[in-house]
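I have placed the structure first, in the form of structure tokens, so that the comments after it can refer back to it.
Values below: every heavy atom of this structure, side chains too, minus hydrogens, waters and symmetry copies. Note on naming: letters A, B, ... go to the chains in the order of the sequence lines (proteins, then strands), and numbering restarts at 1 for each one.
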Number of protein chains: 2
Amino acid sequence: MFQVPAKTQYAIRALAHLARSGGDSAARVALAQNISAKYLEGILNQLKLAGIVTSDRGRGGGYRLTRPASEIPMIEIVAAMEGELKPVECVDDSSVCSRGAFCMPRKFWQGLKDSVESYLKSVNLADLAEEPLITICGTGKNKNPTKTEAKGAR
Amino acid sequence: MFQVPAKTQYAIRALAHLARSGGDSAARVALAQNISAKYLEGILNQLKLAGIVTSDRGRGGGYRLTRPASEIPMIEIVAAMEGELKPVECVDDSSVCSRGAFCMPRKFWQGLKDSVESYLKSVNLADLAEEPLITICGTGKNKNPTKTEAKGAR
DNA sequence: TAAATTCCTATGGGATTACTAGGAATATGG
DNA sequence: CCATATTCCTAGTAATCCCATAGGAATTTA
Ligand code: FES
Ligand code: FES
């Protein structure tokens, strides 16, 4: 349970790659991380809209982090892919429930949310990417790895 | 994100109801908690297989907790519905990764898992059900509430 | 023996996920 | 200046999962 979607795992792997390489094209990141290239394009674009990466179009272009990896908390990445943390609907919305702020179940779900949130705030991208990595954790579900040739890094 | 499935929310509400009533039929629990009756039957059965409730068949039968609510940690309920906590495949399985125990990404996912797990272990069903409740948190997705008449409790 | 109940299996519709496909827009290097 | 590398945009799709629904067999009791 609580399985993290492939999309989020891909995002993390891609960002870790960018952190180490200093910037790269979507195709090369996909090849290196064994992610479907076209699918990754969309993910990277989403990360751009969230202000985590920036991009240069055209030949020689690609993606790079907007900030040092140490200034990108993991919760920001997760939020960019999946939106806000919300285990049940009425969390953060006291108008849903007649018991308002005194609702025990709400406190329970709030506690769960806080627990995850504070953990995700305590770790940043640099913590994950700092060591020389061979692969990055989580294989996702890609069964058709990119075959495209990608010669040379930037 | 991290949305808790309706099934799990239903299970929790049903169990809280049983904790307060001391035992009831699936149909009456469904009515009281606004859950699809037939769907709830399956859920209660699953909770039975997990050893959280027990049941009596036939007229006058129903479900009741196997233990005091204070001895049922929330993690047991969640595990009964969704299986073990596993954000990514390679968590708990060092054979997946060439970096073995030194893999930073794994430590990250392990940390997330531990964080959720320890919280869910720290709360029990009595904590949720102790107060006189009107409704129980989280509405789920049931749009066709049970219409069946259910007269009188046990 | 009728009614109430759990227990079992099968099916379906809707939403989400994880891609796939095609190409327009844009920038660069030679 | 143009072939090429790249991002960016939109649409479609197959598979999976979730949330039930349906029907009825087995069991127990009043
Ligand atoms: S790849 Fe998952 S533990 Fe290293
Ligand atoms: S029902 Fe969700 S807060 Fe009370």
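Protein atom CD of B/E41 is 10 Å distant from nucleotide atom C1' of C/dC8, rounded to whole Å. Atom CD in B/Q9 sits about 11 Å away from atom P in D/dA20, given to the nearest Å. Distance CD (A/Q46) to C1' (D/dT7): 16 Å, rounded to an integer number of Å. One atom, OH of B/Y39, and another, C1' of C/dG12, lie 14 Å apart when rounded to the nearest Å. With rounding to whole Å, A/L31 atom CG is found 12 Å from D/dT6 atom P. Distance CG (A/D56) to P (C/dT28): 8 Å, rounded to an integer number of Å. Summarising the geometry, the separation between CG on A/N45 and C1' on D/dT6 is reported as 13 Å, rounded to the nearest angstrom. At whole-Å resolution of the value, CZ in A/R64 and P in D/dT6 are 15 Å apart.
The base of D/dG12 has none of its N or O atoms less than 3.5 Å from a complementary donor or acceptor on the side chain of A/K38.
Between A/R28 and D/dA5 there is no side-chain polar atom (N or O) within less than 4.0 angstrom of OP1 or OP2. Between B/S36 and D/dT21 there is a side-chain polar atom (N or O) within less than 4.0 angstrom of OP1 or OP2. For the pair B/Y10 and D/dA20, the criterion of a side-chain N or O lying under 4.0 Å from OP1 or OP2 is met. Remark: A/K48 is in phosphate contact with D/dC8, judged by side-chain N or O atoms under 4.0 Å from OP1 or OP2. For the pair B/Y63 and C/dC7, the criterion of a side-chain N or O lying under 4.0 Å from OP1 or OP2 is met. Look at A/S25 and you won't find any side-chain N or O under 4.0 angstrom from OP1 or OP2 of D/dA5.
Classification of the B/F108-A/Y119 ring pair by plane angle, with boundaries at 30° and 60°, yields parallel.
The two residues B/L125 and B/A16 have their closest heavy-atom pair at CD1-N, 4.1 Å.
Take the nearest nucleotide of DNA chain D for A/S55 and for A/R59: the residue whose nucleotide is more 5' is A/R59. Taking for each of A/V4 and A/R57 the nucleotide of DNA chain C with the nearest heavy atom, the 5'-most of the two is the partner of A/V4.
Checking side-chain atoms of B/Q9 against main-chain N and O of B/V4 turns up a donor-acceptor pair under 3.5 Å.
Within the 4.5 Å cutoff, side-chain heavy atoms of B/E76 are placed close to those of B/R67.
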Checking A/Q110 against A/D92 for the side-chain hydrogen bond (donor to acceptor under 3.5 Å, both in side chains) test, could you report, in this order, the C-alpha distance in whole Å, the side-chain angles of both residues, the deciding distance, and whether it holds?
CA-CA 8 Å; A/Q110 272 284 359; A/D92 294 329; 3.1 Å; yes

Please test A/D56 against A/R64 for salt bridge (Lys or Arg N to Asp or Glu O under 4.0 Å), starting from the C-alpha separation and ending with a verdict.
CA-CA 9 Å; A/D56 299 306; A/R64 57 201 148 75; 3.0 Å; yes

Show, in sequence, the C-alpha distance, side-chain angles and deciding distance for B/L112 and A/V123, and conclude whether the side-chain contact (heavy atoms from CB on, under 4.5 Å) test is met.
CA-CA 10 Å; B/L112 179 60; A/V123 185; over 6 Å; no

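Overall bending of the helix from C/dT1-D/dA30 to C/dG30-D/dC1, expressed as the angle between end axes built from five pairs apiece, is 10° (10° steps).
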